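Notes follow once the structure below has been shown.
Since the model is a prediction, treat every value here as computed from it, not as a measurement.
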Amino acid sequence: MIVQSLTQYYDAMLKRGAISAPGWGPASISYAICLDLDGNVQRLVNTTCETVVGKKTVLRPQTMTLPAAVKRSSGIAANFLWDNSIYILGAGKDDGDKKKAQRNIKCFEAAAQLHHDILDGVDSPAARAILKFFDKWKPEDAPNAEALQDIFDDVTKGANITFRVDGEFAYEDEQIRAAWQHCQESGGDYAKMQCLVTGREDEIPNVHPAIKGVRDAQSSGAALVSFNAPAFCSYGHEQNMNAPIGKYAAFAYTTALNHLLADKNNVQYIGDMTVVCWAEDADERYQTMGISALFGNAEAHGQTADVVRAVLKNMARGLPSDDLEPSHKFYVLGLAPNAARVSVRFFMQGTFGAFMKNINDHYERLEIVRPGWADDGLLTPWEMLRATVNMKSRDKAPSAVMSGAVMRAILEGGRYPASLLEGVMLRIRAESDITWQRAAILKAYYLKNEHADCPKEVLTVGLNEASTNPAYTLGRLFAIYEAVQQDANPGINSTIKDKYFNSASAMPASIFPILGNLYQKHLRKLGDGSRIYYDKQVAALKCILGESYPQRMTLAQQGAFDLGYYHQTQKRYEKRNKEEDK
């Protein structure tokens, strides 16, 4: 279904004229070798262009639509009309190694043979000039060539080179383009079979073009579909003959995926995953809104957070919004690196409205009172997962498996993985710190993964003073004890939270009597008004708890305790902020 959906996306993009035709693709070009009509090298022109990255301006290769790149492994295979210096000039960094130097010459000869095979007989001055160049050029003379003076080291660092003849790029020549297209359409050495994607008879290539842009995958590209071991093969078939995908479909799905991965504004990274999405008819409005809604980067697409929220809420009710229809078909794909191949972490398809409803429900579950300094933006999946990570560790990446499971839960509206809860609770216990992000995750987790020990009465946006849940009430009581200590000792560096929080949430019966004694000592340092204020609150909470405390609390009860502590603490800060504003 992934290949079929990407092929349909390619067809839609092709109709719009927004993607390369079969046999063509984007290539990053740093230099153009300028030839006269006799094939003589006049000079090499730098084609890089300035690009702003962050606060810096850097030079980046120019992206041109050229004949599609061949897929290379360890063998020699040349590209038509463009390639690196080893194939175009027969020159590369050989460091005096004779084997490397010989291989460089073989690469140049392969490029020369390819261009003769395609351009022999083509009645075009540009074609004849290119063939004359390959016939005249001597790779061994490249380091001393006048056109390469002062730039030889840069040219031979892997930069791609294309041809310009008499001031025009060779790929723009109509007869050269026609010759390349004829080469692509003419019969090859591949067997013809029915394509699994299009249903039409087509040549079945042994390997498919590489996928580029998946983070941490091989920079030269990796395969999405491949059979490169006997264990994967059956009935005597080899490589991609095990799942026959035609030449057209193979080009279409790889070109479509590479197109999606090349748009950095619409690619997101979660853990080790690279996430892309698209609409069935290639309508970029759905893709842009989907990325903005899921990852919260509305500003990057010229939108505002309020617009995204409005679309989410309308879609959740099944209503069209901002000219977007809920019934529109939509796809989300998560990819991860896996040696020479790309691993599919998840692939989901459904209506745009269904995805937006699930995302909106997820954000509503995460809603919780925040500190005054926190912004009111969406708590994105990336920020959620960061809340489970030790930010002082060397590796700050969240668990890859958990990241995929969380994304699947959000998009499908399913239960959150237990690893999310475990990760958050581990950080709370290790740091004795309940940030608003961690509190929001606890609330969302138990709203979706219901548990009797953490009921809905404690899973509120703000403090629920009417709750009689023992664990939640104990968390509130702990927060008041801490507040009394801080008021009694202004500027104190560490509080009872640093020493007793973990044990109080797990074994209240052993710790709260100690905390009660400390509370009385701290209370004596306060004035009459403060003592009465705190005593009323403590007395009200102790009436709910009764005469005894639980001996031990389950993980869900500890979650309720944490939420009680967080809500009570935020209520206290809320009152302080109001007093400061007066």
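The backbone N or O of Gly462 lies less than 3.5 Å from no partner atom in the side chain of Lys571, so there is not a single donor-acceptor pair. The main-chain N or O of Phe478 is never found under 3.5 Å from a side-chain atom of Tyr500 such that the two would form a donor-acceptor pair. In this structure, Asn258 contributes its side chain and Lys212 its backbone to a donor-acceptor pair below 3.5 Å. Side chain of Asn358 to main chain of Leu411: a donor-acceptor pair is present (N/O by atom type, distance under 3.5 Å, no hydrogens or angles). Lys329 contributes no side-chain N or O that, together with a main-chain N or O of Gln349, makes up a donor-acceptor pair within less than 3.5 Å. Put simply, the side chain of Asp487 never gets that close to the backbone of Val484: no donor and acceptor are under 3.5 Å apart. The closest donor-acceptor contact from the side chain of Thr255 to the backbone of Ala252 lies at 3.5 Å or more, if one exists at all.
Expressed to the nearest 0.5 Å, how far CD of Gln485 lies from OG1 of Thr495 amounts to 5.5 Å. The CG atom of Asn502 sits 8.5 Å away from atom CD of Gln558, with the distance rounded to the nearest 0.5 Å. Note that CG of Leu518 is 12.0 Å distant from CZ of Phe512, once rounded to the nearest 0.5 Å. Ile410 CD1 to Arg365 CZ: the interatomic distance, rounded to the nearest 0.5 Å, is 8.5 Å. The CE atom of Met273 sits 13.0 Å away from the CG atom of Asp216 when rounded to the nearest 0.5 Å. Between Leu257 atom CG and Ile211 atom CD1 the span is 4.5 Å, to the nearest 0.5 Å.
Listed by chain and number, the residues in a salt bridge (charged side-chain N to carboxylate O under 4.0 Å, His left out) with Asp375 are Arg370 (sequence neighbours excluded). Applying the salt bridge (charged side-chain N to carboxylate O under 4.0 Å, His left out) criterion to Asp528, with sequence neighbours excluded, gives Arg531. Looking at residues two or more places apart in sequence or on another chain, you find a ring-ring contact (aromatic ring centres under 6.0 Å, His included) between Phe352 and Tyr286, Phe330. Listed by chain and number, the residues in a salt bridge (charged side-chain N to carboxylate O under 4.0 Å, His left out) with Arg285 are Asp283 (sequence neighbours excluded). Partners of Asp281 by side-chain hydrogen bond (donor to acceptor under 3.5 Å, both in side chains), not counting sequence neighbours, listed by chain and number: His328. His259 is linked by a ring-ring contact (aromatic ring centres under 6.0 Å, His included) to nothing, counting only residues two or more places apart in sequence or in another chain. Partners of Arg429 by salt bridge (charged side-chain N to carboxylate O under 4.0 Å, His left out), not counting sequence neighbours, listed by chain and number: Asp562. Every residue meeting the side-chain contact (heavy atoms from CB on, under 4.5 Å) condition with Lys357, not counting sequence neighbours, appears here in chain and number order: Ala316, Asp361. For Tyr519, the side-chain hydrogen bond (donor to acceptor under 3.5 Å, both in side chains) partners at least two apart in sequence or on another chain are Asp535.
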Full working for side-chain contact (heavy atoms from CB on, under 4.5 Å) between Arg476 and Glu465: CA-CA 9 Å; Arg476 293 181 59 194; Glu465 296 179 333; 4.0 Å; yes
Evaluation steps, side-chain contact (heavy atoms from CB on, under 4.5 Å), between Gln268 and Ile291: CA-CA 8 Å; Gln268 292 296 321; Ile291 287 290; 4.1 Å; yes
Verdict with supporting geometry, Gln287 and Asp263, side-chain contact (heavy atoms from CB on, under 4.5 Å): CA-CA 11 Å; Gln287 177 180 324; Asp263 187 354; 4.2 Å; yes
Derivation and outcome, side-chain contact (heavy atoms from CB on, under 4.5 Å), residues Met384 and His362: CA-CA 12 Å; Met384 276 181 61; His362 164 72; 3.4 Å; yes
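For the pair Ser403 and Gly271, the tightest heavy-atom approach, listed with the atom from each and the gap, is OG-CA, 3.8 Å. Among all heavy-atom pairs drawn from Ala444 and Tyr416, the shortest one is O-CE1, 3.4 Å. Of all heavy-atom pairs spanning Phe346 and Gly404, the tightest one is CD2-O, 4.2 Å. When all heavy atoms are compared, the tightest approach of Tyr566 to Pro371 is OH-CD, 3.7 Å. Met407 and Pro381 get closest at one heavy-atom pair: SD-CB, 3.9 Å. The two residues Asp272 and Ala400 come nearest to each other via the heavy atoms OD1-CB, 3.3 Å.
Contact annotation: the side chain of Leu294 never approaches that of Phe355 to less than 4.5 Å [non-hydrogen atoms, C-beta and beyond]. Contact of the Ile368 side chain with the Leu563 side chain is registered, since non-hydrogen atoms from C-beta on lie closer than 4.5 Å. Using a 4.5 Å heavy-atom cutoff, the side chains of Gln570 and Leu463 are not in contact. At a threshold of 4.5 Å between non-hydrogen side-chain atoms, the residues Ile428 and Leu442 count as touching. At a threshold of 4.5 Å between non-hydrogen side-chain atoms, the residues Val267 and Leu260 do not count as touching. You'll find the side chain of Pro337 stays beyond 4.5 Å of the side chain of Arg215, heavy atoms only. You'll find the side chain of Trp382 stays beyond 4.5 Å of the side chain of Tyr269, heavy atoms only. Counting heavy atoms from C-beta outward, Tyr331 and Met1 have side chains that stay 4.5 Å or more apart.
No hydrogens or angles considered: nothing links the side chains of Asn464 and Tyr472 as a donor-acceptor pair under 3.5 Å. Judged purely by distance below 3.5 Å, without hydrogens or angles, the side chains of Asn338 and Ser343 never pair a donor atom with an acceptor atom. For the residue pair Tyr481 / His522, no side-chain donor-acceptor distance below 3.5 Å is found, with atom types taken as modelled. A donor and an acceptor atom, one from each side chain of Arg572 and Gln486, are located under 3.5 Å apart.
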Mind listing the side-chain donor-acceptor pairs of residues 452-459 below 3.5 Å, one per line with the distance, residues two or more places apart or on another chain?
| unit_1 | atom_1 | unit_2 | atom_2 | d |
| --- | --- | --- | --- | --- |
| Asp453 | OD2 | Thr554 | OG1 | 3.0 |
| Glu457 | OE2 | Ser467 | OG | 2.6 |
| Glu457 | OE2 | Thr468 | N | 3.1 |
| Glu457 | OE2 | Asn469 | N | 3.3 |

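Within a 6.0 Å sphere centred on CD of Glu50, heavy atoms belonging to other residues, nucleotides or ligands number 12 at most.
For Phe501 and Tyr565, the ring centers are positioned less than 6.0 Å apart.
One finds a salt bridge joining Glu431 and Arg438 here, because a Lys/Arg side-chain nitrogen approaches an Asp/Glu carboxylate oxygen to under 4.0 Å.
Within the structure, the ring-ring contact (aromatic ring centres under 6.0 Å, His included) test picks out no pair touching residues 438-470 (sequence neighbours left out). Applying the salt bridge (Lys or Arg N to Asp or Glu O under 4.0 Å) test to residues at least two apart or on different chains, the pairs with a partner in residues 387-413 are Arg408-Glu412.
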